[in-house]
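Below is one structure, written out as structure tokens; the observations come after it.
In each ligand, atom 1 is the first atom listed, and ligand 1 is the first ligand listed. Numbering of residues begins at 1 and proceeds along the displayed sequence.
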Amino acid sequence: MLENAIWICAPCDMGTVSPEFRKEIILRAHVKKASLLASAMGAYNIYLNGKKVGNSVLAPGFTSFANRVLYAEHDITALLSQNSTLSILCGDGWARHNFGFTKRIFAPHISVIAALHIEYENGEEEYVYTDETWKVYTSHILFSALYHGETVDKTAEIKLLGNAVKDSAPHPALHKQTTNVTEQERIAVREILHTPKGETVLDFGQNIAGYVEINICGKRGERIVLSHAEVLDKDGNFYTENMRSARNLCTYVLSGENDVFKPTFSFQGFRYVRLDEYPENIAAENFTAVVIHTDMERIGSFTCGNADLNKLYSNIIWGQKGNFVDIPTDCPQRDERLGWTGDAQVFCRTAAMNFDVEAFFDKWLTDMALEQREDGAIYRYVPFVGWFNGKISAGWSDAAVICPWEVYNAYGNKEFLRKYYPMMKKWVDYVHGAGEEEFLWLGGDHYGDWLALDAGEGKYLGATQKDFIASAYFYYIASILAKAEAELGIDNSETLSLAKNVKATFRKAFMKDGMPVIYPKYDGLAEDRPIKAVTQTSLALILHFGLFEECEREAITDALCDLIRESGGAMTTGFLGTPYILHALSDNGRVKEAYDLLLRKEAPSWLFSVTKGATTIWEHWDGIKEDGSFWSADMNSFNHYAYGSVFDWMFANIGGIKMLDGGAGYEHISICPKPDVRLGFAKCGIKTRHGELSVKWSIEKEYTRYELDIPCGTQAVLTLPSGKTAELSEGKYILIE
Ligand code: BGC
């Protein structure tokens with residue numbers, strides 16, 4: 001239907017003011033059904049007679065605008081009256097956003113497209129399309145930008161600018177919107193603070209992505225100005241330096257009547273809000289924090305007898321909510337908010353346990369596939385906005401294989417896997433062809449073990465060799481591809497032999513006598529950081545990816561434990577080692593050591609941030625240091641989900657639930673809980689597509705009690721700590737050992 005509509009835009013340059021496109025609709029008879037299709041280059045809200053149509057926030061979302069923009073379909077039958085005003089209010093949204101570090105704007109101006117189909121009860125039909133008869137008005141939104149916030153002036157005069165004009169700029173293909181960002185939760189002010197600097201600050205008690213809604217009745221022309229922050233500094237003052245250039249500033253001018261203010265085309269990442277200007281006595285009940293993220297069904301649950309671990313779990317969930325805003329972003333607050341592929345791939349398994357994210361990843365991976373280069377290359381973040389000239393990084397671009405696989409594994413939908421198989425294969429082929437050595441990935445500009453602590457204070461890159469990591473991941477993705485082919489009934493002999501060759505070559509190049517060694521020829525030695533062969537990350541990757549020979553297992557695991565001990569019982573791993581280090585320990589008989597790391601409270605550790613009052617996962621282990629000072633201002637997010645990937649270990653070890661090969665979608669699993677007295681009890685649950693699956697254990701005085709709930713369609717192999725095993729199918733079980 002949209003083929004008959006034209007893209008329209010304002011007849012003149014409106015600066016930063018949001019345009020409103022309006023069309024009067026006069027009904028000819030009784031309406032049986034009316035459906036409206038719409039999209040915009042920019043962000044849009046549709047209103048019918050002043051009432052918002054649908055519940056989307058920031059539609060049409062963030063896609064690869066070079067390739068596609070999404071349209072939504074709304075049933076507006078109930079909203080139509082005899083004489084109706086259909087209006088589409090727009091802001092810059094993502095399509096016209098100035099992203100950090102690049103000035104890329106995908107559209108020269110805001111434009112909209114819409115088609116309304118009315119079916120009358122008398123059998124007649126009517127179509128209304130965007131065209132040059134639509135009128136364009138100014139609005140109360142004087143400024144909006146994703147990073148910078150919004151200015152709304154309720155006293156501004158609304159002016160008719162004239163008729164819309166045809167937008168002759170090229171537009172991308174229109175695809176149907178399949179996911180929806182909406183308002184999800186509302187949080188009241190927990191406390192009104194007065195900082196040492198004299199600032200008045202609202203504390204909502206939770207770091208979120210969203211915005212503040214204000215209900216107020218004041219004098220016409222009075223102003224409200226709000227700043228947003230994730231944390232207070234060590235003196236208790238408002239701290240915004242880590243937002244970098246993102247202003248996150250909301251300015252409102254009151255109408256003199258009852259006003260409800262909230263951003264329409266921007267969102268903020270925050271826990272604290274500073275009232276820079278406010279007209280009257282401040283009443284906490286006038287403010288509500290509104291949480292936004294993509295609609296996703298919550299399917300996972302976890303609770304145990306350790307309050308800190310429960311808080312960590314809560315922080316992981318909030319990290320996901322805060323960053324699953326249409327695409328998997330790295331963080332929701334500073335001038336980035338991009339779909340960094342490395343962050344997404346390490347967190348994907350955890351994400352798929354917490355919420356049903358199949359549709360969410362389907363949307364993002366569609367853009368990834370569209371942006372995959374002819375030669376198979378995948379950029380470091382998706383959608384691509386020009387920054388970094390399309391560079392590629394191992395551990396990041398590998399998301400092209402890992403994410404489709406993890407999502408398939410979580411839900412068992414073969415069509416999903418089949419859809420992304422070509423992208424997976426092309427990416428493995430790219431890596432196969434990259435660098436001089438066929439079975440290694442040497443050279444290249446990788447992030448390495450990003451933010452690891454083993455290269456010294458203040459370094460972004462850890463000490464593990466980049467080529468080592470790139471080549472280890474090459475083996476990992478080739479192995480996944482072979483499994484995916486087996487699932488899809490595709491001959492995988494070539495991929496298996498590729499994986500075998502990669503492993504053999506990797507071992508020759510990067511290992512000697514069962515231990516990692518430096519491969520000096522290509523690694524980025526020129527870089528300003530010490531390079532080490534034996535690191536926690538290099539050992540964890542060897543163990544977790546299966547790059548060892550059986551006879552080496554024990555010595556490598558010992559070496560990993562030694563390194564942890566030498567670091568004072570702490571991990572030094574970054575983005576790529578952290579997701580695997582606990583698995584590497586517990587899969588190799590060191591369950592206690594894995595728990596020790598998980599439950600450690602001193603810095604660096606997962607629980608250190610909890611002891612410092614975190615309500616989301618931090619980007620850095622030492623985002624806030626022991627003495628309360630910050631890591632740095634230039635890259636220090638307090639809502640970065642990557643290290644929250646530890647939940648997949650918790651689920652697979654505390655709960656003990658693991659998918660067996662070929663058992664995607666919880667069809668065939670092993671249940672091997674590993675109770676630890678420091679937790680007392682634990683319960684892990686997940687609503688699988690077969691039904692509710694849960695494992696609960698509690699350590700009593702003389703025994704441990706297990707309670708299992710296995711849904712119909714799931715076959716489980718249970719192994720208890722004593723070694724006792726049983727094959728279980730649907731049912732509820734209580735066991736004591
Ligand atoms: C992001 C990361 C991302 C990285 C690439 C950062 O600025 O916030 O999370 O993966 O760049 O190294």
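- The atoms of ligand 1 that sit less than 4.0 Å from any heavy atom of Glu619 are 8 (O).
- Under the rule for a side chain to side chain contact (heavy atoms under 4.5 Å, CB included), the partners of Val610 that lie at least two apart in sequence or sit in another chain are Asp308, Lys311, Leu312, Asn315, Leu607.
- Between Phe204 and Phe270, the angle of the ring planes goes over 60°, which puts this pair in the perpendicular group of the 30/60° scheme.
- Heavy-atom proximity to Asp343, at under 4.0 Å, picks out these atoms of ligand 1: 2 (C), 3 (C), 9 (O), 10 (O).
- With sequence neighbours left out, the side-chain hydrogen bond (donor to acceptor under 3.5 Å, both in side chains) criterion links Lys612 to no other residue.
- Close N/O approach between Tyr447 and ligand 1 is not found [any backbone or side-chain N/O within under 3.5 Å].
- Remark: the backbone N or O of Glu336 is not paired with any side-chain donor or acceptor of Arg334 at under 3.5 angstrom.
- Relative ring orientation between His446 and Trp441 is described as perpendicular, the plane-to-plane angle rising above 60° on a 0-90° scale split at 30° and 60°.
- Note that CG of Asp343 and CG of Asp330 are 5.5 Å apart. Values are rounded to the nearest 0.5 Å.
- With a 4.0 Å heavy-atom cut-off, ligand 1 is reached by the side chain of Phe575 but not by its N, CA, C or O.
- Those atoms of ligand 1 with a heavy atom of His640 less than 4.0 angstrom away are 1 (C), 2 (C), 8 (O), 9 (O).
- Counting heavy atoms under 4.0 Å from ligand 1, residue Arg334 touches it through the side chain alone.
- Using a 4.0 angstrom heavy-atom cutoff, Tyr381 does not count as in contact with ligand 1.
- Looking at Arg380 against ligand 1, nothing comes within 4.0 Å, counting heavy atoms.
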